[in-house]
Amino acid sequence: VDNSSDVYITGAFQGTADFDPGVSAVNLTSAGLTDILFAKYDSSGRPIWAKQHGGGIKDVAWSIAVDSSGVPYIAGETYPINLNGSDAFLAKIDVDSGDVIWTSKLASSSVSGLAVAIDPSGGVYLGGSAYQMVDAGSGSDIFVARFDPNDGGQVWLTPFGSGSNEYFGGMTVNTSSRLITDGQGSI
């Protein structure tokens, strides 16, 4: 929800779906197995825009956050044609049109962008899970990365992991700009 009480949603869909809860239709049709959905509704639930993004196979959005200016950011994962692992992505969306302004990806053997958070100064953070990001025999690791809100450039990335599996739970940024994450594992 932004400062104007507009509501943003994100997720994934397949086939054709109607994203207008009223009598009108706002139909989107997926290009692949699943496509990413992001939509903006006014405070009465009327659609302002609904967009999809995706390629030939599977694309999923897991999280959305809105900055103090009402600009939405989406985190998720996209799969290549052969379904061999996934790449995490972070996307900045135009508040008025719903068009993608920029997209940044983290690629490895299997990376999932599971959460996005924004600090009070506008810094954008992506958190998630990655297969063997820290140690070649470690299984699932977790990461947090900061991105420049202007161009999507990666500012830093910090992976966490041990010899066993770690699982990303979520994250938030408090009013003192401290990043707080949770998850499960033996770090």
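- Geometrically, Lys58 engages Tyr79 in a cation-pi contact defined by less than 6.0 Å to the ring centre and at most 45° from the axis.
- Note that NZ of Lys40 is 10.5 Å distant from CD1 of Ile64, once rounded to the nearest 0.5 Å.
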*Do Tyr131 and Asp141 pass the side chain to side chain contact (heavy atoms under 4.5 Å, CB included) test, and can you show the C-alpha distance, the side-chain angles, and the key distance before you say yes or no?*
CA-CA 6 Å; Tyr131 182 70; Asp141 297 320; over 6 Å; no

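- Other residues, nucleotides and ligands contribute more than 12 heavy atoms inside 6.0 Å of the CD atom of Gln154.
- Inspection of the Asp6 and Tyr41 side chains reveals no N or O donor paired with an N or O acceptor under 3.5 Å.
- Among residues at least two apart or in separate chains, ring-ring contact (aromatic ring centres under 6.0 Å, His included) pairs with a member in residues 15-35 are Phe13-Phe19.
- Of the possible polar contacts, one joining the Ser104 side chain to the Gly152 backbone as a donor-acceptor pair under 3.5 Å is found.
- Here the straight-line distance linking atom CD1 of Ile142 with atom OH of Tyr167 works out to 11.5 Å at 0.5 Å rounding.
- Looking at heavy atoms from C-beta onward, Tyr8 lies out of side-chain contact with Ile48 at the 4.5 angstrom threshold.
- A donor-acceptor distance shorter than 3.5 angstrom exists from the side chain of Asp18 to the backbone of Val26, with no hydrogens or angles considered.
- Counting only distance, with no hydrogens or angles, the side chain of Ser110 and the backbone of Ala130 share no donor-acceptor pair below 3.5 Å.
- Tyr73 has its side chain out of reach of Leu126: every pair of non-hydrogen atoms, C-beta onward, lies at least 4.5 Å apart.
- Using modelled atom types, no side-chain atom of Ser5 and backbone atom of Ser43 make a donor-acceptor pair closer than 3.5 Å.
- Side-chain contact between Ile93 and Val100 is present, with heavy atoms from C-beta onward closer than 4.5 Å.
- Cluster membership for Leu179 and Trp62, using ILVMFWY side-chain heavy atoms within less than 4.5 angstrom, is shared.
- One finds the CG atom of Asp87 at 8.5 Å from the CG atom of Leu106 (value rounded to the nearest 0.5 Å).
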_Evaluation steps, side chain to side chain contact (heavy atoms under 4.5 Å, CB included), between Thr78 and Lys105_ = CA-CA 9 Å; Thr78 183; Lys105 286 188 179 180; 3.7 Å; yes

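- No single ILVMFWY cluster, assembled from side-chain heavy atoms under 4.5 Å apart, contains both Trp102 and Ile36.
- The shortest heavy-atom contact between Asp2 and Gly70 is CB-CA, 4.1 Å.
- In terms of heavy-atom proximity, Phe143 sits nearest to Ala88 at CZ-CB, 4.3 Å.
- Hydrophobic cluster membership differs between Val71 and Val66, with clusters built from Ile, Leu, Val, Met, Phe, Trp and Tyr side chains linked at under 4.5 angstrom.
- Criterion: ILVMFWY side-chain heavy atoms under 4.5 Å apart, direct or through other members. Under it, Ile74 and Val95 are part of a common hydrophobic cluster.
- Side chain of Lys92 to main chain of Pro149: a donor-acceptor pair is present (N/O by atom type, distance under 3.5 Å, no hydrogens or angles).
- Residues that satisfy the salt bridge (charged side-chain N to carboxylate O under 4.0 Å, His left out) test with Asp148, not counting sequence neighbours, are absent from this structure.
- The structure places CG of Leu37 at 12.0 Å from NZ of Lys51, a figure rounded to the nearest 0.5 Å.
- Side-chain contact annotation: Thr29 with Thr16, donor-acceptor N/O pair under 3.5 Å present.
- Transitive grouping of hydrophobic side chains (ILVMFWY, heavy atoms separated by less than 4.5 Å) brings Val155 and Phe160 into a common cluster.
- Between Thr103 and Leu90 the shortest side-chain heavy-atom distance does not fall below 4.5 Å.
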For residues 112-120, which side-chain donor-acceptor pairs fall under 3.5 Å, sequence neighbours excluded?
unit_1: Ser112; atom_1: OG; unit_2: Glu77; atom_2: OE1; d: 2.4
unit_1: Asp119; atom_1: OD1; unit_2: Ser121; atom_2: N; d: 3.0
unit_1: Asp119; atom_1: OD1; unit_2: Ser121; atom_2: OG; d: 2.8
unit_1: Asp119; atom_1: OD1; unit_2: Gly122; atom_2: N; d: 2.9
unit_1: Asp119; atom_1: OD1; unit_2: Gly123; atom_2: N; d: 2.7
unit_1: Asp119; atom_1: OD2; unit_2: Tyr125; atom_2: OH; d: 2.9

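- A donor-acceptor distance shorter than 3.5 angstrom exists from the side chain of Ser140 to the backbone of Glu166, with no hydrogens or angles considered.
- Using modelled atom types, one side-chain atom of Asp182 and one backbone atom of Gly170 make a donor-acceptor pair closer than 3.5 Å.
- A distance of 4.5 Å separates CD1 in Ile101 from CG in Asp94, rounded to the nearest 0.5 Å.
- With hydrogens and angles ignored, the 3.5 Å screen pairs a side-chain donor or acceptor of Ser97 with a backbone N or O of Asp99.
- Taken from CD in Gln52 to CG in Asp59, the straight-line distance is 10.0 Å, to the nearest 0.5 Å.
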